[in-house]
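This structure is a prediction, so every number in the text was calculated from the model and none was measured. Both counts, for ligands and for their atoms, begin at 1 and track the order of listing.
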Amino acid sequence: MSRVALVTGGTRGIGAAISIALKKAGYSVAASYAGNDEAAQKFRDDNKIAVFKWDVGDFDACQEGIVQVEKELGAIDVLVNNAGITRDTTLHKMDQAKWQAVIDTNLNSLFNMTRGVIDGMRERKYGRVISISSINGQKGQFGQANYAAAKAGVIGFTKSVAQENASKGITANVVAPGYIGTEMVRAVPEEILNSKIISQIPVGRLGEPEEVADCVVFLASEKSGFVTGSTLSVNGGQYMD
Ligand code: NDP
């Protein structure tokens, strides 16, 4: 029987690349999403990957979603905490709603989701928890106090979960992407992309979603058992922590 992987926000962008790469690597994959039914259905039909809708910021919805995935695919061996949003503005203009939405989706989701799978992983003495942070959680970013706080929290959370569960065959790691050529980044006008973004990346180009996905596939595999509590930066050398 193939291992089961759940990718939150697995229907679009980097998450979609992760879902597809895990499927290619032989996993039974569930991809969750928030509300964009059209994109999710297209993703499901194109890739033959099961999709599930719930809000990762809602604890009870996460528990129900996990039960549903496990009923359809089997016990979850690999959890990829990928779902994320931005609500950018400087702190002096930030209202509580922008703060809360980003913390709920990008950080509280890690508690909501990981709490829901950890007991089963501990009982079965095997698990992989991979959480997607960001270069901006490592270095901070103008206009992103909410996002940077959440993404830095992902790293502290992961180091703690790694320590608590190492003896149970469970690893927890972070992948921290830099600028990845998703639709949002590619929509930036070319001259700004070149002068302001690519000029800061030593490798001289944007990353590809598949390059992030390949790192996740390694961390999801049995081969990565000695890697835990680590942060793998995938940023073309833009920031070396
Ligand atoms: P996208 O905006 O392309 O996709 C986001 C996915 O997350 C969608 O499937 C979306 O569902 C889902 N999602 C959003 N909010 C929720 C929620 N509350 N509950 C459940 N699912 C939700 O994201 P990216 O591919 O750009 O980013 C993926 C991850 O990588 C994020 O954590 C992001 O912070 C991180 N990252 C991205 C970088 C980049 O360059 N793009 C750089 C560094 C880090 P739906 O389709 O229904 O909205």
Neighbour list for ligand 1 [protein residues, heavy atom under 4.0 Å]: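 Residues G9, T11, R12, G13, I14, Y33, A34, G35, N36, W54, D55, V56, N82, A83, G84, I85, T105, I132, S133, S134, Y147, K151, P177, G178, I180, T182, V185 each place a heavy atom under 4.0 Å from ligand 1, listed by chain and number.
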
Test side-chain contact (heavy atoms from CB on, under 4.5 Å) applied to I20 and F43, step by step: CA-CA 10 Å; I20 291 166; F43 173 82; 4.0 Å; yes

Close aromatic pair by centroid cut-off 6.0 Å: F59 and F111: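 Yes, close enough.
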
From CD (Q138) to NZ (K151), nearest 0.5 Å: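 Rounded to the nearest 0.5 Å, the CD-NZ separation comes to 11.5 Å.
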
Interatomic distance, I135 atom CD1 to N235 atom CG [nearest 0.5 angstrom]: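 Result: 4.5 Å between the selected atoms.
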
Pairs involving residues 102-118, ordered by first then second residue, that meet side-chain hydrogen bond (donor to acceptor under 3.5 Å, both in side chains) (sequence neighbours left out):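 Sorted result for residues 102-118: N81-T114, Q100-D104, D104-N108, R115-D119.
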
Partner of I132 by side-chain contact (heavy atoms from CB on, under 4.5 Å), out of T8, V216, V7: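 Exactly one pass, corresponding to V216.
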
